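Pasting a structure here, questions to come.
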Amino acid sequence: MISVTLPDGSVNEYSAGITAGEIVIDIEGRKHECIAAMVDGSQSDFSTVLESDCSVEGISGFSDEGIHIMRHSAAHLLAQAVTTLYPDAKPTIGPAIDRGFYYDFANLEDFGESDLKGVQKKMHEIARRNISVERVECSEAELGEMFSSNPYKMEIINDKLEDGAGSTIYRQGEWYDLCLGPHVHSTSKLMHVRLTSVSSAFWRGDQSREQLTRIYGIVEPTKESLKSTMAAIEEAKKRDHRKLGKDLQLFHVDEEVGQGLILWTPRGATIRTCLQNFISEHLTRQGYSQVYTPHIGKLDLYRTSGHFPYYQDSQYPPLVEKDMMIKLANEGCTCGELANLMSAGDIEGYMLKPMNCPHHIKIYSSQARSYRDLPLRLAEFGTVYRWEQSGEISGMTRVRGFTQDDAHLFVTEDQIAGEVLGCIELVQVIFEALGMSDYRVRVGLRDMDSGKYVGSNEKWELAEKACRDAASSLGVNWSEEEGEAAFYGPKIDFVVKDVIGREWQLGTVQVDYNLPERFGLQYKGSDGEMHRPVMIHRAPFGSMERFCGVLIEHFAGKFPTWLAPTQIHVLTISEKQVAYGQDIAAKLKSAGVRVELDDGDDTIGKKIRMHRKFQPAYMLILGDDEANNNSVSIRARNGDQRADVAFEEFLAELQNEIHSKAATPALVPPQSN
RNA sequence: GCCAACGUAGCAUAGCUGGUAGUGCUUCGGAUUUGUAAUCCGACGGUCGAGGGUUCGAGUCCCUCCGUUGGCUCCA
C-alpha cells in the first residue's frame, strides 16, 4: 500500500501500482473535468503508475495548466490528421502557445486556408474514435529507428538528447510523436477544436533554413467554452485599430504615399495633439528643455553614431548630394557601382534620420558643458524613418515613419539611478492616466554569447544594475530578458498586447555609455577635470503612431472626454431648434470644447445613428423643451440619458471632466434597467 | 525579405463552371420637420489594385508588379 495525500490535505491508502488517473477518479468522481494529474507537484499523465507515497490532484481542463496540456495534445491530434491526409508531410514541432497551439510541417507546400476544413474534419473523426494516448519510454536506438524517415525529428533527437539517453514518445493508434508530455489520456478529450489559420515558419526560427507550413488552432474543454472563445476573438477583431481607424476616420495609409507612412487625419491628429500636450506639461514639470531638429542629417553623423553601419539594412537609402551625383555620372559610374558606394558608405550624402540622438548630442556638444549643466534633458517629438521589412508593416503599430516622444538625458554617473527612475515614473504616470494597467515590464539585457554589443563589460554591468534597480523600485512585476538590450546599452521596456494578442513595445528607457564615447562628449567636473557624461534615451509613449494604435484598441474607439476627437455632437430635433442648436454649439466652441452640430432635417433617430459611429463623449439632444429652458438633454454613448440639464450646469461639469482628464465620460449617471 | 490568402464605387458587400457589373449605407437633389440606433422618392458614383497574356469575348483563366491580411524573420 502507498499513502497518497489528496488536495484537501487528507491521506488515503491505495495499493501500489495504481495510476494517477484512477486516484483522480476516486477523488473527483466519474464525471470529473480533469484531463491530467499533478503528482508531487509535477504534471503527469493519468497513466502514471504510482509505486510510493506521494500527493495527487487532478488538473482541470479549465485551469491554466490543463488548457496548456490540452493544447499540446491537440497539436498531436493535428499532426496525426495531417499525416493521415498528407502522407508525405513531415511533422516537426508543435507546441501549445498562449492562445492555442500550432504544428509545423515540412513537405506540406501549397497548403492553404481552404484545406483547413478537411484537416479539422479528420481531427474530429480521430477524436471521436476515443483513441487512448500512451506514453512509451524509448531508447536512443529505438527513437532513431522510429523517426529515421523524419530528418527534423532526428535533428531534435541528435541535438537535444544526451548521448545514449532515451526519451519518450506518445502513441495514439498508429501515430506517435517524440514528446515529453504529459498529455490527455484519450483523443476524445479534444473534441472541441478549431483550426484558425495557416502560415509559414522557418525551421528552428532560422531564416536560412527550410520554410515550413504552420497550422494554428484553438482547443477548449467544452462546446460552450469553444463557442465563447470564438465569440471573444470575433469581438476583439471589432476593436482592431485598423478597422476603427477607418470607421472613426482617425488615420489613413495611402499606397501612393507609401507603405507604413501614416497620414493623420483631423480626428486622429486631435488625439495626438492632446497626448503631446499632456506629455509637454510633464516635460516642463520634470525640467526638460524642448528642442527641434531636422529630419535629415549627414551620413557621417550616423557613421560616428554607429547607426549607419549597424542598421544599414533597415534604413532608407542615403540621399546623395547633387554634386556628388554629377561627378559620379561624369566618371561613368553605373547604378550598381553607386549602390555599392552607398552601402560601403564611401560616398557623401544625407540620411533620413533613423534616430534623434545624434542631433541631440550635437546640441549637447554645441557648448562647453560643466557638471552644473547636468542633468541636461533634451526633449523633442522627433520623427524618424526606418526601412521596416515590407511583410512586417501593419496599421499604426509597425510603420516606416514615426514620431517618438523622445528625450535624451545627459547625466553624470551619480545621476543615472535617479534619472532612470524619473523616466520610468513618467511612463507610469502616463499609463495610469490612460487606465492602461495591462502591461508588462521587461528589462532587456545583453546576450552574453552575442558579439553585437559595443562598450566595455564594466559599463554594461553598471548600466544593467541601474536598470534592474529602477525596475524593482516600480512596484510592478518585471522580467529580465537576455538578448533584448539595444546594441549600445540595456533598457527597460513597457510592453502591451494588442487585440489579437501581439505584443508591442511602447515606453522605453535606455542607458547608454556608448554614444557619449563615440562622440567624445565631455563636461568639466567640480574637480576641474573633464569627464564623460552618460546618456539616457527615453520615450514614454514610444512612438505616437504605435501608442495611438494601441490606445484606439484599448478604448475600443471610445476615448475619454479629454481625448475624444469630437467631444460633443449637438443634434436638433426639428428645424424649429436650429437657431438654439447653433447658439449652443457656438457657446461650446468658444469655451474650447470640440463640438459638431447637426441641424439637418433627418429624424433624431437617424441623427443619433449617424453620429454614434464617431463616438463623441456625449450627444446633446435639443428640442422645444430644451430651447425654452435654455437646457440640454445629454445622451451618453451607451444610450443612457440625462434630460433637461441647464446649459451652464452642463458646461461646468463638462469642463471639469475634460480638465481632470477623467478616464471615462461620467456626466450621465448609469441607469438601472 | 519569405510562405499563404486576399484586393469589385467613400464604406460594407453580390457576381456559379469566362459573355461587356448588382445591392445597402454615405454623398447630392426633392418631399417631410419628425423627441433618442436608419422617413420617403430620385440622382450621382465602379471598367472590377496596376500592367501584360490566353480567348471571338475576362471582374471571372495565366504571368509580373503594387498593396492588404495571417504568420515567420527583423525591430536602434
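Below, read A as the first sequence line, B as the second, and so on, with proteins coming before strands; counting in each chain starts at 1. Small disclaimer: the values here were computed from a predicted structure and weren't measured.
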query: Rounded to whole angstrom units, what separation is found between the CD atom of Gln259(A) and the C1' atom of G1(B)?
result: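 Value for this atom pair: 11 Å.
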Sugar-phosphate, base or nothing in reach of Gln312(A), heavy atoms under 4.0 Å: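 Contact class for Gln312(A): none.
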5'-most by nearest nucleotide on RNA chain B - Gln207(A) or Ala485(A):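 Residue closer to the 5' terminus by nearest nucleotide: Gln207(A).
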query: For Tyr216(A) and G70(B), is the gap between ring centres under 5.5 Å while the planes differ by less than 30°?
result: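 Aromatic stack with G70(B) absent for Tyr216(A).
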Restricting both atoms to N or O, compile the protein contacts to nucleotides 34-40 of chain B shorter than 3.5 Å, with distance only.
from, atom 1, to, atom 2, distance (Å)
U34(B), O4, Asp601(A), O, 2.1
G35(B), O6, Asp624(A), N, 3.2
G35(B), O6, Asp625(A), N, 2.9
G35(B), O6, Asp625(A), OD2, 3.3
G35(B), O6, Glu626(A), OE1, 3.4
G35(B), N1, Glu626(A), OE1, 2.9
G35(B), N1, Glu626(A), OE2, 3.2
G35(B), N2, Glu626(A), OE2, 2.9
U36(B), O2', Arg635(A), NE, 2.9
U36(B), O2', Arg635(A), NH2, 3.1
U36(B), O2, Arg635(A), NE, 2.8
U36(B), N3, Gln641(A), OE1, 3.2
U36(B), O4, Gln641(A), OE1, 3.4
A37(B), OP2, Arg635(A), NH2, 3.1
A37(B), O2', Arg609(A), NH1, 3.2
A37(B), N6, Arg612(A), NH1, 2.8
A37(B), N1, Arg612(A), NE, 3.1
A37(B), N1, Arg612(A), NH1, 3.2
A37(B), N1, Arg612(A), NH2, 2.6
A38(B), N9, Arg609(A), NE, 3.4
A38(B), N7, Arg609(A), NE, 3.0
A38(B), N7, Arg609(A), NH1, 3.2
A38(B), N7, Arg609(A), NH2, 3.2
A38(B), N6, Arg609(A), NH2, 2.6
U39(B), OP2, Thr603(A), OG1, 2.8

- prompt: Mapping Val253(A) and Arg386(A) onto RNA chain B by nearest heavy atom, which one lands closer to the 5' end?
  reply: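 Between the two, 5'-proximity favours Val253(A).
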- request: Scan side-chain atoms only and decide if Lys613(A) and Gln249(A) contain a donor-acceptor pair under the 3.5 Å cut-off.
  value: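 No, no side-chain donor-acceptor pair sits under 3.5 Å.
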query: If we ignore angles and hydrogens, is there a donor and acceptor under 3.5 Å between the side chains of Ser631(A) and Asp644(A)?
result: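 Side chains of Ser631(A) and Asp644(A): pair found under 3.5 Å.
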- prompt: Is the distance from OP1 or OP2 of C75(B) to the nearest side-chain N or O of Arg502(A) less than 4.0 Å?
  reply: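 For C75(B), OP1/OP2 do not have a side-chain N/O of Arg502(A) under 4.0 Å.
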- prompt: If the P atom of G7(B) is compared with that of C61(B), how far apart are they to the nearest Å?
  reply: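 The same atom, P, in both gives a distance of 10 Å.
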field: Pair His408(A), Asn356(A): side-chain N/O donor-acceptor within cut-off below 3.5 Å
entry: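 On atom types as modelled, these side chains do not qualify, holding no pair under 3.5 Å.
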message: Using atom C1' in both nucleotides, what's the gap between G15(B) and G19(B) to the nearest angstrom?
response: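 The answer is 14 Å between these two C1' atoms.
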query: For the side chain to side chain contact (heavy atoms under 4.5 Å, CB included) test, which of Leu301(A), Asp300(A), Leu299(A), Ile296(A) pairs with Tyr350(A)?
result: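 It is Ile296(A), the one option of Leu301(A), Asp300(A), Leu299(A), Ile296(A) that forms the side chain to side chain contact (heavy atoms under 4.5 Å, CB included) with Tyr350(A).
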field: Salt bridge Lys238(A)-Glu553(A), side-chain N to carboxylate O under 4.0 Å
entry: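 No, no charged N to carboxylate O under 4.0 Å.
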Atom-pair distance (CH2 on Trp203(A); P on C72(B)), nearest Å: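 So the two atoms are 16 Å apart, to the nearest Å.
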query: Roughly, in whole Å, what's the span from CD in Glu109(A) to P in C2(B)?
result: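 Atom-to-atom, Glu109(A) to C2(B), this comes out as 16 Å.
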Hey, can you pull the donor-acceptor pairs under 3.5 Å for the side chains in residues 305-312 of chain A, sequence neighbours left out?
from, atom 1, to, atom 2, distance (Å)
Ser305(A), OG, Tyr302(A), O, 3.2
Ser305(A), OG, His307(A), N, 3.2
Ser305(A), OG, His307(A), ND1, 2.8
Gln312(A), NE2, Ser343(A), O, 2.9

message: Does Tyr488(A) reach a base, just sugar-phosphate, or nothing at all? Heavy atoms under 4.0 Å.
response: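 Since only primed, P, OP1 and OP2 atoms lie under 4.0 Å of Tyr488(A), the category is sugar-phosphate.
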message: Rounded to whole Å, please give me the gap between CG in Leu571(A) and C1' in U33(B).
response: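 For the pair Leu571(A) CG and U33(B) C1', the rounded distance is 15 Å.
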message: Rounding to an integer number of angstrom, what distance separates G30(B) and U20(B) when you compare their P atoms?
response: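 Roughly 37 Å separates the two P atoms.
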query: Should Gln389(A) be listed as having a side-chain N or O under 4.0 Å from OP1 or OP2 of C75(B)?
result: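 It does not, given that no N or O in the side chain of Gln389(A) lies less than 4.0 Å from OP1 or OP2 of C75(B).
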field: Lys/Arg-Asp/Glu bridge criterion (N-O < 4.0 Å) met for Lys576(A), Asp624(A)
entry: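 Salt bridge flag = yes for Asp624(A) with Lys576(A).
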message: Could you tell me how far G46(B) sits from C25(B) if I compare only their C1' atoms? Round to whole Å.
response: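 Between the two C1' atoms, the distance is 16 Å.
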Distance between C1' atoms of A21(B) and U13(B) (Å, rounded):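 About 13 Å, rounded to a whole number of Å.
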- prompt: Could you give the CH2-to-P distance, from Trp504(A) to C74(B), as a whole number of Å?
  reply: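 Rounded to whole Å, this separation is 15 Å.
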message: Distance check, C1' atoms only: U60(B) and U17(B), in whole angstrom units.
response: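 So the two C1' atoms sit 10 Å from each other.
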message: Mind checking if Lys613(A) touches a base, just sugar-phosphate, or nothing, with heavy atoms under 4.0 Å?
response: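 No contact at all - Lys613(A) keeps every heavy atom at 4.0 Å or more from the nucleic acid.
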message: Using atom P in both nucleotides, what's the gap between G49(B) and G59(B) to the nearest angstrom?
response: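 These two P atoms come out 10 Å apart once rounded.
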message: For G29(B), give the paired nucleotide (Watson-Crick: N1-N3 plus N6-O4 or O6-N4; G-U: N1-O2 and O6-N3; both under 3.5 Å), or none.
response: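 For G29(B), the partner nucleotide comes out as C41(B), under the 3.5 Å rule.
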query: Is there a donor N/O on one and an acceptor N/O on the other, under 3.5 Å, for the side chain of Arg209(A) and the base of C72(B)?
result: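 Side chain to base: no pair present.
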field: Rounded P spacing from A38(B) to G1(B) in Å
entry: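 After rounding to an integer number of Å, I get 47 Å for this pair.
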task: For Gln510(A), answer base if it contacts any base atom (sugar-phosphate contacts may also be present), sugar-phosphate if it contacts only those atoms, and nothing otherwise; contact means non-hydrogen atoms under 4.0 Å.
output: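 Sugar-phosphate only.
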query: Rounded to the nearest Å, what distance is computed from the CG atom of residue Asp104(A) to the P atom of nucleotide C72(B)?
result: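 Value for this atom pair: 10 Å.
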task: Provide the Watson-Crick or G-U wobble partner of G24(B), both distances under 3.5 Å; none if there is no partner.
output: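 Base partner found: C11(B).
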query: Salt bridge check: are Asp98(A) and Lys497(A) linked by an N-O gap of less than 4.0 Å?
result: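 Salt bridge: yes.
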Base-contact (B) and sugar-phosphate-only (S) positions in nucleotides 3-14 of chain B, heavy-atom cut-off under 4.0 Å, - elsewhere: BS------S---
query: Does the side chain of Tyr310(A) get closer than 4.0 angstrom to OP1 or OP2 of A76(B) through an N or O atom?
result: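 So the side chain of Tyr310(A) is outside the cut-off, no N or O lying under 4.0 Å from OP1 or OP2 of A76(B).
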Phosphate OP1/OP2 of C75(B): any Ser314(A) side-chain N/O under 4.0 Å: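 Answer no for this pair, as no side-chain N or O of Ser314(A) is under 4.0 Å from OP1 or OP2.
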field: Test item: Gln120(A) side-chain N/O and Lys117(A) main-chain N/O as donor-acceptor pair under 3.5 Å
entry: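 It does not hold such a pair.
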task: Classify the nucleic acid contact of Ser197(A) as base, sugar-phosphate or nothing, counting any heavy atom under 4.0 Å across all strands shown.
output: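 Counting heavy atoms under 4.0 Å across all strands, the contact made by Ser197(A) is with sugar-phosphate only.
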field: For atom CZ of Arg99(A) and atom P of G71(B), their distance in whole Å
entry: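 These atoms are roughly 10 Å apart.
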message: The criterion is side-chain contact (heavy atoms from CB on, under 4.5 Å); which residues satisfy it with Asp159(A), sequence neighbours excluded?
response: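 If we apply the side-chain contact (heavy atoms from CB on, under 4.5 Å) test to Asp159(A), skipping adjacent residues, the hits are Glu155(A), Arg204(A).
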- request: Return the value, rounded to whole Å, for the distance between atom NE2 of His252(A) and atom P of U68(B).
  value: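 Whole-Å distance recorded here is 11 Å.
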message: Among residues at least two apart in sequence or on other chains, which ones pass side-chain contact (heavy atoms from CB on, under 4.5 Å) with Val253(A)?
response: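 Expected list: Phe251(A), Ile262(A).
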message: The criterion is side-chain contact (heavy atoms from CB on, under 4.5 Å); which residues satisfy it with Ser365(A), sequence neighbours excluded?
response: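 Expected list: Lys362(A), Leu521(A).
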